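Below: the structure, in structure tokens.
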Amino acid sequence: MEIGSRLHNHDFIGEFTTSYRELSRGQSQFNVYEVINPKKKGKKKKYINSGTVTLLSFLVETEVSFLDYIKGGTQINFTVAIDFTASNGNPAQPTSLHYMNPYQLNAYGMALKAVGEIVQDYDSDKMFPALGFGAKLPPDGRISHEFALNGNPQNPYCDGIEGVMEAYYRSLKSVQLYGPTNFAPVINHVARYAASVKDGSQYFVLLIVTDGVISDMAQTKESIVNASKLPMSIIIVGVGPAEFDAMVELDGDDVRVSSRGKYAERDIVQFVPFRDYIDRSGNHILSMARLAKDVLAEIPEQFLSYMRARGIKPSPAPPPYTPPTHVLQTQI
């Protein structure tokens, strides 16, 4: 490689040649170079050089990718949270986003299935904690902003997206849609888990499916700012025809989310308006590939921004599995 030196007003001082191999030796007597100006050398017999350049340090930065961490064993854990508030409409009515239609999936069912099938490929064990918020629960009608869809708060895990769908429809039959629409409790729920594993071995993604009408904007922003320090991301899927201004604000792509003067350390929210991906009838997804791309678009960079900020490198990938070779033992 040839390196030339110039002063601020672009006068050519001189040049020298080196290579990656030489530079990689670092600071040593080999990495001191005479800077030669060929014109001066040709004119002046006594010309020696126009100065020297000494290498002080040499560093090779390797670009690591999201998949390097996954191959190295980092686990991705998805949690699903579903909006059970009254603004979605009465599930007995066809206009409701939670309509209990015996013949086809409702708006939430469609979004859950489509987005769930996309994210489940990245989840290590395919067991998803599934939560609901904004409903009155049986038997006493208490309002909950983080209830287990399967009815078991000690073990809210559902087996695969099919398990989440079953638990969702079961909950829909037993709870009463209510309100207000508070996101902060489910965000804090996942944040508690994320706060307990900060070594890069696990990363948490919360998938919130909502009609976008939010009641606790200030608390949600506070929760996002706090969660931005943790190994977690939030994907908000908006269903229905509402104006999603509040969701776009939480997405923070244009203006970083802040709370009480503190800005989120990194962007951790991705908002996807589901209606942009379905046809006029509302029953068919136009392009699963485009939906998949947009749902997962920001996760790798959000994941890497956490790992970089914490100086966490990927673990080496285990060697590929080779079946044992059978050694024939002869009986004596």
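As the structure is a computational prediction, the values presented were derived from the model and not from experiment.
- Taken together through direct or relayed side-chain contacts under 4.5 Å among Ile, Leu, Val, Met, Phe, Trp and Tyr, M110 and I235 form part of one hydrophobic cluster.
- If you check the side chains of N31 and Y33, you find a donor sitting under 3.5 Å from an acceptor.
- Annotation: side chain of I187 is in contact with side chain of I208 (closest heavy-atom distance under 4.5 Å).
- Using modelled atom types, one finds no donor on one side chain facing an acceptor on the other under 3.5 Å when comparing R266 with S228.
- Two different hydrophobic clusters hold F204 and F78 under the rule that ILVMFWY side chains link at heavy-atom gaps under 4.5 Å.
- Remark: D199 CG to S315 OG distance equals 9.0 Å, nearest 0.5 Å.
- Ring orientation note: the planes of Y69 and F303 are nearly perpendicular, at an angle over 60° on the 30°/60° scale.
- Side-chain atoms of T52 and E34 include no donor-acceptor pair closer than 3.5 Å.
- Judged by distance alone, the side chain of T74 and the main-chain N or O of I70 form no donor-acceptor pair under 3.5 Å.
- A distance below 6.0 Å separates the ring centres of F244 and F271.
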Please tabulate, for the side chains in residues 125-138, all donor-acceptor contacts under 3.5 angstrom to protein atoms that are two or more places apart in sequence or on a different chain.
residue : atom : partner : partner atom : Å
D125    : OD1  : M127    : N            : 3.0
K126    : NZ   : Q120    : O            : 3.0
K126    : NZ   : D123    : O            : 2.9

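- A cation-pi geometry, defined here as NZ or CZ lying under 6.0 Å from the six-membered ring centre and within 45° of its normal, does not hold between R256 and Y263.
- Pairs of residues two or more places apart, or lying in two chains, that qualify as salt bridge (Lys or Arg N to Asp or Glu O under 4.0 Å) and include a residue from residues 286-307 are E301-R308.
- Under a 4.5 Å side-chain heavy-atom cut-off, the cluster of Ile, Leu, Val, Met, Phe, Trp and Tyr residues that includes Y47 is completed by I36.
- Side-chain contact check for S50 and N37: no donor-acceptor pair (N or O, by modelled atom type) lies under 3.5 Å.
- Proximity of a side-chain donor or acceptor of S96 to a complementary backbone N or O of Q93 within less than 3.5 Å is not detected.
- Ring centers of Y168 and H98: under 6.0 Å apart, within the cut-off.
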